[in-house]
Amino acid sequence: MTNTAAIQDRKPSAGGINSTFLRIEIKRMLRNRRTIIFTVLMPAIFFFIFGLSNKDQLLPNGHSYGQYILISLTVYAAMTAATGAGSQVAVERAQGWSRQLRLTPLLPGAYIAVKAAAALTLSLVAVVAQFIIGALAGVTMEPQIWLTAGLVAWLGSLVFAALGLFVGYLMPSQNVMQILGPALAILAMLGGLFMPIEIMGDTFGEIARFTPAYGIGQLARGPITGEFDAIWIVNVLVWLAIFVGGAAMAFRRDTKRV
Amino acid sequence: MTDVPAVQAAGLHKSFGKVHAVRGLDLTVQQGEVVAFLGPNGAGKTTAIDMILGLSTPDKGSVSVFGRTPRAAIARGQVAAVMQTGGLLRDISVRETVLLTAAMFDSSRPVDEVLTRAGILDIADRKVEKCSGGQQQRLRFAMALVSDPGLLILDEPTTGMDVAGRRDFWSAIRADASRGRTVIFATHYLEEADAYADRIVLVRQGAIVADGTAAQVKNLASGRTVRATLPPGGPGPVGRTASCRQGGVRRRPGHRSYR
């Protein structure tokens, strides 16, 4: 039991990432019904609406439209999953949990790292779920295309995990996803995830190239379009920098105010 | 073993915009004391506690916990707090909450032990959102016990509890404090301060206006108005009523009446 000598001689805790924290975070995410609806069910429904009727139509290079739309919607699912996971900090701030954590040795950087890891876990679930639905619906691709497209969609979702953290630290709202949900749908549309950019018209087509979902979408579809442009990587990196910078700024403002 | 105070605060000031919430607060709490921060809402109790916990930085003055900065004391699990509201995740169970808190510290007490001490072992698998206000408060208490802190700070811990819940909660705290833990609790109930504290610190308008044993301060605070005329510039207060003549109550100059 407590004795004063022992109390004064204690060593500081490291305050780093720990497996219990990570495990409980992931568990929380997976049992949240709303997250699952946003990340698995909605993209699946979109696939059945947009993709199923003309999935066997062929693109000029011989790949099917079904492949094109499946990969696009997988990127959408992954970005929604990651944003949703990141934005949970808004809920935790509103419930006073962030403040409670400041009464423990946990370092702010470790908290962010755990959030990012949980976001990546959820977006991995989203990618795998979407691919299973696509495969069951009859979309076929070579194994390396599944793998490459899946990896790009998954890792690219880190950009949106940062967006989620940014908005989560900026807004006090408990219902941050009600604002982010429609915003993500607009970004997905502008980024060419719901329909090919070529059919959007000149003005929107031009705007699309500067939006955050565009680069990831183009890169993920690269294996089937057979195209590659370094500007897509630039697009991803610039948006990653903007969202990480914004999240860091909003985080600092949040912890200073209390 | 050194006799470093559990808390040493000197000349603390904190303002929020135009509101000067804490104005020149000095406080030393020795190890093993059970101290009540008694004062009305808005007296600056919570602001002072936030500074002791390192949740906010004083505009002026200094504060140390076991001779260290609040943050260093927290990193060593030397101080823990039970806050008034919030601080819980609704979507996990009672046990998971304590497990999660324990995981942040390199060494901690066993989860079942703190759940037992807080009297919530039987609801360990209940979701936090399904717990009553009193149960949630016991959960906050359990979380505070996880690091076996030398100093426990409670900010109005029984707000919103019914009489029975309040009594149960305090008997758990009291049992814990009897084992040598230093306890500081904020309250605006005189009865609570009287029943559970060895020493009462009366806070008003961001400063300490009286500091003494429960009996001494109780007399000052029990509803009658006590006037003390203070000679300008001099520290010695002149008391007029019976309660003041009992002596031992340290008065702070600059405050003319207590209610």
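All chains are named by letter (A, B, ...) in the order of the sequence lines, taking the proteins before the strands, and each is independently numbered beginning at 1.
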request  = Would you mind telling me which of A:P105, A:P12, A:S13 makes a side-chain contact (heavy atoms from CB on, under 4.5 Å) with B:D106?
outcome  = A:S13
query = Out of A:L107, A:N18, A:T20, A:L103, which residue meets the side-chain contact (heavy atoms from CB on, under 4.5 Å) rule with B:M104?
reply = A:N18
key: Donor-acceptor pair, side chain of B:R76 and main chain of A:K11, under 3.5 angstrom   = no
task = Let me see the working for A:Q95 and B:D91 under side-chain contact (heavy atoms from CB on, under 4.5 Å), right down to the final yes or no.
result = CA-CA 11 Å; A:Q95 295 183 3; B:D91 56 339; 5.5 Å; no
query = Do you know which of A:A110, A:G96, A:S98 has the most heavy-atom pairs with chain B at a distance under 4.5 angstrom?
reply = A:G96
ask   = Given that the side chain runs from C-beta out, which part of A:I24 has a heavy atom under 4.5 Å from chain B: side chain, backbone, both or neither?
value = side chain
ask   = Is the shortest distance from a Lys or Arg side-chain nitrogen in A:K27 or B:E96 to a carboxylate oxygen in the other one below 4.0 Å?
value = yes
message = Could you check whether B:D50 pairs with A:R99 (Lys NZ or Arg NE/NH1/NH2 to Asp/Glu carboxylate O, under 4.0 Å)?
response = yes
inquiry  = Taking every non-hydrogen pair under 4.5 Å, which of B:I74, B:L99, B:L89, B:L100 racks up the most with chain A?
reply    = B:L89
request  = Supply the atom-to-atom distance B:R140 CZ to A:Q100 CD, rounded to the nearest 0.5 angstrom.
outcome  = 8.0 Å
inquiry  = Set out, in order, the CA-CA distance, both residues' side-chain angles and the distance that settles side-chain contact (heavy atoms from CB on, under 4.5 Å) for B:I92 and A:R31, then state yes or no.
reply    = CA-CA 10 Å; B:I92 60 176; A:R31 63 186 177 202; 3.5 Å; yes
